[in-house]
Amino acid sequence: MAAISREEVAHLAHLSRLAVTEQELDVFAGQLDVILQAVARVGEVAAADIPPTSHSVPLVNVLREDVEQPCLTPAEALSGAPDAYEDRFRVPRILSEEE
Amino acid sequence: MIKKTAAELGTLIANREVSAVEVAREHLDRIAAVDDRVHAFLHVDTEGALAAAEAVDAKIAAGEKLGPLAGVPIAVKDVLATRGVPTTAGSKILEGWRPPYDATLVERLRAAGTVMLGKTNMDEFAMGSSTEYSAYGPTFNPWDLARIPGGSGGGSAAALAAYEAPLSIGTDTGGSIRQPGAVTGTVGAKPTYGGTSRYGLLAFSSSLDTPGPCARTVEDTALLHAVIAGHDQRDSTSIDAPVPDVVGAARLGATGDLTGVKVGLVREFSGEGAEPGVMSAFRETVEALTKLGAEVVEVSCPHFLYALPAYYLIAPSECSSNLARYDGVRFGLRVGDDGNRSLEEVMSATREAGFGPEVKRRIIIGTYALSSGYYDAYYGQAQKVRTLITRDFTAAFEQVDVLVSPTTPFVAFELGSRTSDPYQMYLADLFTIPTNLYGGPAISVPCGLSEGLPVGFQVMAPILGDDRMYRVAAAVESAVGTFAPPAL
């Protein structure tokens with residue numbers, strides 16, 4: 001049985017904000033099915049009482065001293081932006097006319 | 001000159017027997033002569049390299065005492081931010097981007113006086129094992145231009161093998177330093193996770209990504225390791241502990257004496273899964289270690305066989321989250337912003353146009369593994385397997401000082417032979433991945449040839465035991481020598 005359907009791949013691509021083409025869906029669905037069936041082998045390991053590991057080092061919040069330090073200028077921060085307007089990143093419209 | 005080691009070049013420059021500018025020019029000339037065939041570089045910074053070299057020469061002339069790598073050329077994987085120098089991570093989504101800041105590692109390279117020649121080719125966002133997933137075309141293995149140089153850091157490894165640079169920087173998430181090292185006959189080390197800073201490293205899988213040194217000799221690799229390692233306040237996972245004496249350990253190992261060192265053969269990695277030629281070169285090297293005085297025992301790490309599937313859930317999960325930042329707003333590509341399309345439509349069009357197939361596959365797998373309903377069976381279970389792999393390592397290091405295995409199951413394969421079946425490509429990382437999940441250091445050192453192509457020997461050590469792997473790797477090198485590709 002397939003681990004993942006073409007429809008599911010299309011849905012996941014939408015969630016991932018990838019406007020994939022029909023041809024890509026055809027190719028990806030088969031490939032992702034092979035990959036997911038292979039990685040599903042992790043389920044063979046009896047691990048019900050095993051704690052998960054997210055990092056090999058303990059994660060602690062690191063705060064620095066509250067002193068002024070050099071940082072990027074607005075011009076530097078915006079230097080790679082596809083579009084900028086009055087020291088801000090310009091983005092396409094988010095709200096429609098009615099909102 | 002281009003065949004000299006970094007240590008030799010550093011001494012010649014410090015003694016003013018040759019200038020840093022001359023050394024830089026020789027390497028830039030070599031790049032101009034061969035890189036149209038090798039394609040190790042995505043960007044060559046001739047002007048920046050010569051300016052850096054001139055600055056080193058001026059300091060030496062003024063009597064300033066500089067470090068051992070001052071004036072030595074280096075190539076940097078294109079996944080580290082370099083101020084004002086194009087940084088693409090091998091992706092079209094960042095084409096033309098010039099970062100406004102340097103990665104910590106790059107700052108340290110500059111402070112040590114190394115001369116950055118340029119940025120090296122890689123699989124897009126470091127996802128791949130052959131450099132064929134670069135959006136800018138593959139890199140070719142200097143040993144045989146019809147074969148892959150490994151990946152994701154194929155450019156950094158090929159630049160060394162082609163004598164375009166004596167040193168390079170790679171990043172290792174699942175083997176991207178060690179596997180290219182193995183298939184190009186060069187040395188590559190993945191330091192302990194947190195031993196080198198990730199600040200300014202374009203993130204793929206943050207709990208695994210580890211930048212590290214690459215060179216043609218173990219000593220050069222250790223010298224570069226010493227320059228780049230150490231605590232960085234700007235990386236919250238950076239380890240605040242002294243850097244192990246990797247250079248001293250490499251020099252100790254080069255004496256060829258391993259008396260008192262216990263070497264563990266990973267039972268699960270010494271049987272099937274690797275080509276016969278790779279296994280015989282590996283076994284001969286283990287024999288050589290015994291002759292140097294090492295005690296070799298077999299140890300079992302039963303969960304290592306589940307490392308590959310666990311990794312291919314954890315890494316894509318983290319990538320699907322990390323790569324959400326490429327949304328066409330703050331940097332890089334933006335597609336379809338015609339005044340009519342919504343922000344969401346522009347994002348989707350941008351990401352569709354900017355990402356290549358392997359990146360898309362991994363984003364989709366990660367999104368799947370993290371989605372409710374599948375989380376426990378996939379991502380959650382993979383994290384538990386990660387715990388069990390860590391326990392395997394901990395138990396093994398109670399018995400032995402280091403673990404060894406081949407670096408990768410097969411020698412350099414032909415371009416195009418694995419791209420249509422992504423899972424076949426993933427198998428290249430079979431032996432390198434456990435270390436990434438554990439967080440310890442590991443190194444690949446050349447140990448022989450199979451079918452005329454290089455085979456890598458992997459040495460794995462406990463967390464913060466980076467010095468141990470350098471000692472054993474240097475002993476391997478002293479026993480088997482180094483391997484040079486045919487003239488290009």
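Looking at B/Y193, the atoms closer than 4.5 Å to chain A (heavy atoms on both sides) sit in the backbone and in the side chain alike. When heavy atoms are compared at a cutoff of 4.5 Å, B/Y311 does not approach chain A at all. Residue contact with chain A, scored on non-hydrogen atoms closer than 4.5 Å, involves the backbone and the side chain of B/S342 alike. B/A377 touches chain A through its backbone: at least one of N, CA, C or O sits under 4.5 Å from a heavy atom, while the side chain does not. Looking at B/I239, the atoms closer than 4.5 Å to chain A (heavy atoms on both sides) all sit in the side chain, from C-beta outward. Only the side chain of B/Y426 comes within less than 4.5 Å of a heavy atom of chain A; its backbone N, CA, C and O stay farther away. Heavy-atom distances place the side chain of A/Q31, and not its backbone, under 4.5 Å from chain B. Contact annotation for A/L78: neither backbone nor side-chain heavy atoms come within less than 4.5 Å of a heavy atom of chain B. Neither the backbone nor the side chain of B/P302 comes within less than 4.5 Å of any heavy atom in chain A. For chain A, the nearby part of B/R83 is the side chain; its heavy atoms alone come within less than 4.5 Å. Contact annotation for B/T192: neither backbone nor side-chain heavy atoms come within less than 4.5 Å of a heavy atom of chain A.
At a threshold of 4.5 Å between non-hydrogen side-chain atoms, the residues A/V45 and B/H303 count as touching. Between A/P92 and B/R341, the closest side-chain pair of non-hydrogen atoms is not below 4.5 Å. A/I35 places a side-chain heavy atom less than 4.5 Å from the side chain of B/P422.
Heavy-atom pairs under 4.5 Å with chain A peak, among B/A369, B/G332, B/A307, B/S238, at B/G332. Chain B forms the most heavy-atom pairs under 4.5 Å with one residue out of A/V57, A/I50, A/V62, and that residue is A/I50. Contact count versus chain A (heavy atoms, under 4.5 Å) is highest, among B/I365, B/D327, B/D421, for B/I365. When each of A/V27, A/V91, A/V34, A/T21 is scored by its heavy-atom pairs under 4.5 Å with chain B, the top score falls to A/V91. The candidate from A/A48, A/G30, A/A84, A/G80 with the greatest count of non-hydrogen atom pairs under 4.5 Å with chain B is A/G80. Put simply, of B/G439, B/P99, B/S207, the one with the most heavy-atom pairs under 4.5 Å next to chain A is B/S207.
Here the straight-line distance linking atom CD1 of B/I363 with atom CG of A/L12 works out to 12.0 Å at 0.5 Å rounding. Here the CD-OG distance, from A/E8 to B/S371, works out to 8.5 Å after rounding to the nearest 0.5 Å. With rounding to the nearest 0.5 Å, the separation of OH in B/Y306 from CZ in A/R41 is 5.5 Å.
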(Q) Does A/S79 form a side-chain contact (heavy atoms from CB on, under 4.5 Å) with B/R98? I'd like the steps, not just the answer. (A) CA-CA 8 Å; A/S79 62; B/R98 289 175 186 260; over 6 Å; no

(Q) Run A/R90 and B/D337 through side-chain contact (heavy atoms from CB on, under 4.5 Å) and show every step you take. (A) CA-CA 11 Å; A/R90 199 197 67 78; B/D337 185 10; 2.5 Å; yes

**Q.** Steps toward side chain to side chain donor-acceptor pair (under 3.5 Å) verdict (A/R64, B/Q233)
**A.** CA-CA 8 Å; A/R64 66 167 174 84; B/Q233 216 179 358; over 6 Å; no

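Closest non-hydrogen pair, A/S54 versus B/E318, comes out as O-OE2, 4.5 Å. Scanning all heavy atoms of the two residues, the minimum distance from A/P82 to B/R334 falls at CB-CB, 3.6 Å.
Residue A/Q69 qualifies as enclosed at atom CD: its count of foreign heavy atoms under 6.0 Å is above 12. By the 6.0 Å contact criterion, CZ on B/R234 is enclosed, its count of non-hydrogen atoms from other residues, nucleotides or ligands being greater than 12.
Contacts from residues 13-20 of chain A to chain B, taken as heavy-atom pairs separated by less than 4.5 Å, involve A/A13, A/H14, A/L15, A/S16, A/R17, A/L18, A/A19, A/V20 in sequence order. Residues of residues 384-393 of chain B that come closer than 4.5 Å to chain A, counting heavy atoms only, are B/K384, B/V385, B/R386, B/T387, B/L388, B/R391, ordered by residue number.
Each of B/Y368, B/Y374, B/Y312 was evaluated against A/L36; a single residue qualifies, B/Y368, per the side-chain contact (heavy atoms from CB on, under 4.5 Å) test.
The closest donor-acceptor contact from the side chain of B/Q381 to the backbone of A/V42 lies under 3.5 Å.
Applying the salt bridge (Lys or Arg N to Asp or Glu O under 4.0 Å) test to B/R198 and every residue at least two apart in sequence or in another chain returns B/D235.
Sorted by first then second residue, the ring pair (Phe, Tyr, Trp, His ring centres under 6.0 Å) pairs that include residues 27-86 of chain A, not counting sequence neighbours, number zero.
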